[in-house]
Amino acid sequence: MELHAHHLHYREVNQWLRRCSQDGIHHVTLHGIRGQRYIGTGLNNSLRIHIHGTAGNDLGAFMNGGEIIVYGNAQDGVGNTMNAGRIIIHGHAGDVVAHSMRGGTIYVRDDVGYRAGIHMKAWGDNPPLVIIGGTARDFLGEYMAGGTLIVLGLHDPSAPLVGSYVGTGMHGGVIYLRGTIAPYQYGKEAGLQPLTPDDWEYLQRTLAPFCEEFGFDLEAVLDHTFCKLVPLSRRPYGRLYEGAVGAVSNHS
Amino acid sequence: MKNFLPSDFLVHIGPECILCGRCVRECSFGVLEQKEGRIIAHHARCVACQRCVVFCPRSAIAILPHPSTSRHNAYWTPEQRRALLRQAQTGAILLAGAGNDQPYLSIWDHLLLDASQVTNPSIDPLREPMELVTFIGRKPDHLEIVPDENGELRLATELPPQLKLDTPIIFGAMSLGAVNLRVHKILAEAARRAGTYFNCGEGGLHEELYPYGQNTIVQVASGRFGVHQRYLDAAAAIEIKIGQGAKPGIGGHLAGEKVTEEIARTRMIPPGTDAISPAPHHDIYSIEDLAQLIYALKEATNYSKPVGVKIAAVHHVAAIATGAARAGADFLTIDGFRGGTGAAPLVIRNHVGLPLEIALAAVDDRLREEGIRHQVSIIASGGIRSSADVIKAIALGADAVSICTAALIALGCTLCQACYTGRCAWGLTTQDPELIKRLDIDEGVERVQNLLRAWTLEIKEVMGALGINAIESLRGNRERLRSIGLDVHTQEVLGVRPAGM
């Protein structure tokens with residue numbers, strides 16, 4: 001099924017998508033998307049949505065299955081509080097990609113804005129994975145509580161791979177960066193660790209479908225320095241408060 | 001480090017004691033010990049939760065303010081010095097449970113209700129119907145009524161989704177984690193029986209409570225804990241939590257120790273990790289961003305249920321409220337500074353925010369001035385203690401109220417303010433399985449249901465005295481309030497005339 005949506009409000013686009021989904025349709029294509037918000041929000045089944053144009057804010061918010069493929073750029077809030085499914089963006093994405101994402105996969109071929117992967121979590125056997133082919137700005141993985149963030153910087157070697165405040169308040173999950181990061185760029189709750197053979201094996205396995213999707217050479221991607229940021233504690237603020245559970249007790 | 005803190009309380013064991021040891025078993029703070037044929041009290045650990053007092057079969061125990069005193073100083077109060085010493089010994093932020101306990105003016109207690117005499121006679125609620133049904137949700141700008149093919153008139157306007165409350169009281173947000181599952185079950189069941197709603201708070205909705213979905217308001221807060229499509233689908237309404245009256249402007253940390261398997265499953269995070277609710281939502285930095293989340297939730301639920309916004313009462317609450325209303329909120333929960341909490345930094349709890357009464361009047365005024373009061377319902381929350389407070393809140397402009405601390409008190413809470421220790425002796429704000437057992441679900445439902453019944457009857461009684469037979473006639477009806485002992489400026493903000501005028 002196809003829909004030419006350049007003149008439609010997001011509500012109409014989503015109503016059409018809901019109808020397609022109810023009718024048991026598995027593949028749909030949206031043409032002429034011009035920043036309509038919320039496309040695929042709450043998507044809950046096996047629907048695969050191809051989007052031509054620029055997807056608006058909150059693409060695939062609360063998404064719970066299915067797949068969205070954007071041939072173009074996406075704006076802010078891609079995969080906001082996403083639970084399952086896959087979003088693939090053949091272009092750039094704006095700020096707050098994967099905010100509070102709990103499961104599923106997001107691929108962004110090019111760059112992302114600020115606060116990507118902020119407060120990502122993990123639950124059950126479907127931990128979230130976000131792979132960014134280009135660069136990311138400040139606050140990447142801030143408050144991160146689970147899942148995996150990978151930033152590759154494949155396009156412009158002169159562009160900074162990440163900004164500052166990476167992993168500030170991080171208390172779960174892992175961030176892999178293809179390149180290096182200076183100590184001033186990451187939060188004091190995160191720490192660098194050398195990659196183990198398991199990490200390399202994981203990267204190889206995880207990056208293979210990403211490279212295949214966008215036509216990158218996996219070997220060339222892996223033939224590079226990587227670094228790994230992990231949380232130093234699962235309880236970064238445990239000693240901030242007096243008398244609370246697990247903190248310094250006044251009642252002993 | 002040597003502890004310089006004097007004891008707050010003294011546990012007095014009287015000669016009636018029969019050494020049964022019940023008090024020792026009941027105390028969850030390790031105060032009491034049975035040794036060498038007597039009960040020994042470690043006074044410094046006592047939080048005055050009254051558990052031993054209530055359960056002593058001989059009423060032999062009394063908890064007293066510690067009689068030891070220091071030189072009186074009206075400025076350096078014992079509380080000030082105590083807090084300072086605690087910080088000198090720990091270097092940490094001080095926490096407190098429950099709401100603001102400082103002696104700020106309680107405006108409720110300076111408002112008097114009217115009654116009918118002779119003209120506009122009072123109504124006897126025992127004989128005449130009193131309408132308390134309240135609808136929470138956006139109301140249309142106008143109604144279009146058209147005849148159908150048989151000439152019968154019918155409503156042509158599509159009404160936005162509404163919550164129907166049989167009594168204008170709902171149970172406010174307390175997360176699973178702050179309280180335990182039994183508390184949630186009690187509130188959910190009591191809400192179902194009373195034809196009202198319970199708010200599950202920001203820690204997700206436990207699997208066993210999904211059958212109560214139609215009596216549940218689910219919360220979406222900055223941590224987005226437990227928020228997924230099924231959660232949104234299950235609920236009768238969704239509330240975006242921006243702020244909380246007890247701790248405006250800050251987030252919350254549920255300590256990893258409290259994140260048990262059950263809580264982890266409901267919040268959808270790994271057990272044992274801190275559940276951090278950041279101060280702001282990472283995707284909300286403006287009213288436009290708030291609108292975006294409101295409509296994301298409406299899209300996700302296909303415009304089938306009201307989506308509201310909870311904000312703390314702060315200095316510019318009226319401007320924020322009108323912004324939220326214009327952003328598409330179907331209801332606003334205004335949470336005053338007496339509102340409770342499982343844990344808040346003491347400095348925030350005691351010094352930040354506004355009284356609910358002030359905020360409520362300011363918000364209601366502003367929405368009326370802008371002609372958008374009908375677009376949004378107001379739920380008043382934060383320190384509602386009695387049916388009188390409910391009535392005064394509605395007269396100041398609320399559609400309904402929400403209660404939390406009052407419901408907990410009905411279940412045994414003594415406001416000892418030690419919720420954040422996780423050792424609640426009454427089995428309310430603890431995840432310790434042994435302590436949770438102290439809370440009987442059936443009895444709890446009965447207690448809370450009784451409370452709602454009693455308040456509902458009292459509201460009808462007062463409405464009858466006022467000569468009002470539908471609660472909506474009382475809403476924002478400040479003409480039926482008078483102030484006593486309030487300054488002129490406060491009266492102006494409240495829009496209430498002084499008694500005698």
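Convention: sequence-line order gives letters A, B, ...; per-chain numbering from 1.
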**Closest non-hydrogen atom pair between B:A296 and A:T41, with its separation** = O-CG2, 3.6 Å
**Message:** Could you measure the distance from the CG atom of A:N14 to the NZ atom of B:K298? Nearest 0.5 Å is fine.
**Reply:** 15.0 Å
**Residue part contacting chain B, namely of A:F62, when any heavy atom lies under 4.5 Å** = both
**Message:** Between B:R265 and chain A, with a heavy-atom cut-off of 4.5 Å, which part of the residue counts as in contact: side chain, backbone, both or neither?
**Reply:** both
**Message:** Among A:D76, A:N80, A:N57, which residue satisfies the side-chain hydrogen bond (donor to acceptor under 3.5 Å, both in side chains) criterion with B:Q292?
**Reply:** A:N57
**Fill in**
Answer key: most heavy-atom pairs under 4.5 Å with chain B among A:K121, A:M63, A:R18, A:Q15 is A:R18
**Request:** Identify which of B:S222, B:G30, B:G272, B:A275 forms the greatest number of heavy-atom pairs closer than 4.5 Å to chain A.
**Result:** B:G272
**Asked** Does A:Y176 OH have over 12 foreign heavy atoms under 6.0 Å away?
**Response** yes
**Nearest heavy-atom neighbours spanning B:I276 and A:P236** = CD1-CG, 4.3 Å
**Message:** Parallel, tilted or perpendicular, judged at 30° and 60°: which one describes the rings of A:H119 and B:H282?
**Reply:** perpendicular
**Request:** Tell me, for A:D95 versus chain B, whether the close heavy atoms (under 4.5 Å) come from the side chain, the backbone, both or neither.
**Result:** neither
**Item:** Greatest number of heavy atom pairs closer than 4.5 Å to chain A - which of B:A300, B:G223, B:P345
**Value:** B:G223
**Heavy-atom pair of closest approach, residues B:A255 and A:R235** = CB-NH2, 3.7 Å
**Prompt:** Going by distance alone, is a donor N or O of one side chain under 3.5 Å from an acceptor N or O of the other, for B:R230 and A:N64?
**Reply:** no
**Message:** Please classify the contact between A:H171 and chain B as side chain, backbone, both or neither, with a heavy-atom cut-off of under 4.5 Å.
**Reply:** both
**Asked** How long is the gap from CZ on B:R224 to NE2 on A:H99, to the nearest 0.5 Å?
**Response** 3.5 Å
**Message:** I'd like to know which of B:V227, B:L346, B:L94 tops the heavy-atom pair count under 4.5 Å against chain A.
**Reply:** B:V227
**Request:** For the pair B:Y295 and A:R11, evaluate side-chain contact (heavy atoms from CB on, under 4.5 Å) and give the outcome as yes or no after the intermediate values.
**Result:** CA-CA 10 Å; B:Y295 279 91; A:R11 225 177 138 169; over 6 Å; no
**Prompt:** Hey, what do you get for OG (A:S100) to NE2 (B:H281), rounding to the nearest 0.5 Å?
**Reply:** 9.5 Å
**Fill in**
Assert top hit (heavy-atom pairs under 4.5 Å, partner chain A, pool B:L297, B:D233, B:V31, B:T301) equals B:L297
**Request:** Between chain B and each of A:V96, A:N83, A:T81, count heavy-atom pairs under 4.5 Å; write down the option with the most.
**Result:** A:T81
**Message:** So B:P270 and A:R234, do their side chains get closer than 4.5 Å, heavy atoms only?
**Reply:** yes
**Nearest non-hydrogen partners of B:F225 and A:R102, listed with the distance** = C-NH2, 4.5 Å
**Prompt:** What is the minimum heavy-atom distance between B:P278 and A:Y143, and which atoms define it?
**Reply:** CB-CE1, 3.7 Å
**Request:** Can you establish whether the number of heavy atoms outside B:Y303 located under 6.0 Å from its atom OH is more than 12?
**Result:** yes
**Request:** Please examine the side chains of A:Y241 and B:Y420, heavy atoms only from C-beta on, and report whether any two atoms are closer than 4.5 Å.
**Result:** no
